[in-house]
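Taking it in order: structure first as structure tokens, then the write-up.
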Amino acid sequence: MSEPIETIEGWYALHDIRTIDWAQWTKRSTAEQQRTLAAIASVVAGWDQSNQEQSGSFGMYQLIGHKGDLMFLNFRESTDQLLDIEWQFNRLGIDDLFKRSYSYYSVVELSKYLAQGDANPDSNAFLRRRLYPSLPKTHYLCFYPMNKRRQGNDNWYTQTRDQRRNLMKDHGIIGHKYHDTVTQIITGSQGLDDWEWGVTLYADDPLVFKKLIYEMRFDEASARFADFGPFYVGRRREITDLSLLLTQS
Ligand code: 76R
């Protein structure tokens, strides 16, 4: 039997993707639009507070393509806090306008494949920054869920620990070439959502996502063992941009 690797968990994450019903939205009167905008902005400003208070992290992204229009991304200490966040938005009663097209629930995960030295986040500030990440303020984000394959000889979970460690080492070598241009946040979701991991990448240029992910496809950890879900790419936006995005004013 192959042994699992120890993992350390940090903040819980909720990727919340909304599709706007533009036909309905544009039919609303200016006064109604302003009321709705103010209600959304006040909820979202509350989430954004977590960045200042370092009690979590929040980012809002304008998505490209048909899979969604806006992504709200919240990281918090507990699932209860994420539930509160979700229900705060639900209570606005604008689900007909801001339809939910996808969501993903997971928890920041660091595995000990390549761990060296102090693995205690209480005394290791580097580890703390990774477990409780302040979301990078790069121009773009790329998010997708993925699995490690379990098929015939290409079964990640029947590889020995050393085999997996070597594969992760090679994965890390490719990834590290992008250290200055990409920040990755890996969240684990076994038992929490439909895929096994969420990959959230940050960069100033979306082309870098393509270059990195293409290069990684040739690496054994991806070539033999990775299956991917839908990809979402978005541009980071401030709360103050909401009004401009939705009403051009
Ligand atoms: O944590 C570290 O930085 C150490 C090395 C490392 C680990 C353990 C690392 C580095 N990753 C790790 C774990 Mn990663 N990563 C992905 C994807 O598209 C694909 O082919 C796969 C999606 C990308 C693009 C990416 C990028 N990584 C993981 C895990 C958990 C696996 C497990 O536990 O079994 C997954 C699912 C995963 C997937 N990885 C890096 C990157 C980048 C850019 C790096 C270098 C980080 C840096 O040096 O700054």
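When a ligand or atom number is given, it counts from 1 through the structure's own listing order. All residue numbers in this chain count up from 1 along the given sequence. Note that the structure is predicted; figures quoted are calculated from it, not measured.
The residues R18 and D69 are annotated as not salt-bridged, no charged nitrogen and carboxylate oxygen being separated by less than 4.0 angstrom. Salt bridge K210/D205: absent, no basic N to carboxylate O contact under 4.0 Å. Taking 4.0 Å as the cut-off between side-chain N and carboxylate O, E3 and R164 do not count as a salt-bridged pair. Ion pair D21/K99 flagged as a salt bridge, since at least one NZ, NE, NH1 or NH2 atom sits closer than 4.0 Å to an Asp/Glu carboxylate oxygen. Between D96 and R28 there is a salt bridge, with a side-chain nitrogen of the basic residue lying less than 4.0 Å from a carboxylate oxygen of the acidic one.
The H176 neighbourhood of ligand 1 comprises atoms 45 (C), 47 (C), 48 (O), with distances under 4.0 Å to a heavy atom of that residue. Close approach to S111 involves these atoms of ligand 1, each under 4.0 Å from a residue heavy atom: 8 (C), 33 (O). Remark: ligand 1 atoms within the under-4.0 Å shell around heavy atoms of W156 are 34 (O). Residue-ligand proximity, Y113 to ligand 1, at heavy-atom distances under 4.0 Å covers atoms 32 (C), 33 (O), 34 (O). Remark: ligand 1 atoms within the under-4.0 Å shell around heavy atoms of M146 are 21 (C), 22 (C), 36 (C). Taking a cut-off of under 4.0 Å to the non-hydrogen atoms of K148, the atoms of ligand 1 that pass are 31 (C), 34 (O). Counting the atoms of ligand 1 from 1 in the order shown, those under 4.0 Å from a heavy atom of F228 are 18 (O), 19 (C), 20 (O), 21 (C).
At a 4.0 Å cut-off, at least one heavy atom of Y144 sits close enough to ligand 1 to count as contact. Under the 4.0 angstrom criterion for non-hydrogen atoms, E196 is not in contact with ligand 1.
Considering backbone and side-chain N/O atoms, R217 never comes within less than 3.5 Å of an N/O atom of ligand 1.
Ring pair F75/W11: centre-to-centre distance not below 6.0 Å.
Residue contacts with ligand 1, taken as heavy atom pairs separated by less than 4.0 Å, involve M168 solely via side-chain atoms from C-beta onward. Contacts between Y157 and ligand 1 below 4.0 angstrom, taking non-hydrogen atoms only, are absent altogether.
In the candidate list A203, A226, G175, G175 is nearest to atom 43 (C) of ligand 1, counting heavy atoms.
Taking atom 14 (Mn) of ligand 1 as the apex, the angle formed with OE1 of Q184 and NE2 of H171 is 160°, to the nearest 10 degrees.
Of the protein's non-hydrogen atoms, W197 NE1, 3.8 Å is the one closest to atom 30 (C) of ligand 1.
Here the CZ atom belonging to F72 is positioned 6.5 Å from the CE atom belonging to M60, to the nearest 0.5 angstrom. A distance of 7.5 Å separates CD of Q62 from CG of L70, quoted to the nearest 0.5 Å.
Y113 does not carry K169 over the face of its six-membered ring by the limits of under 6.0 Å from the centre and within 45° of the normal.
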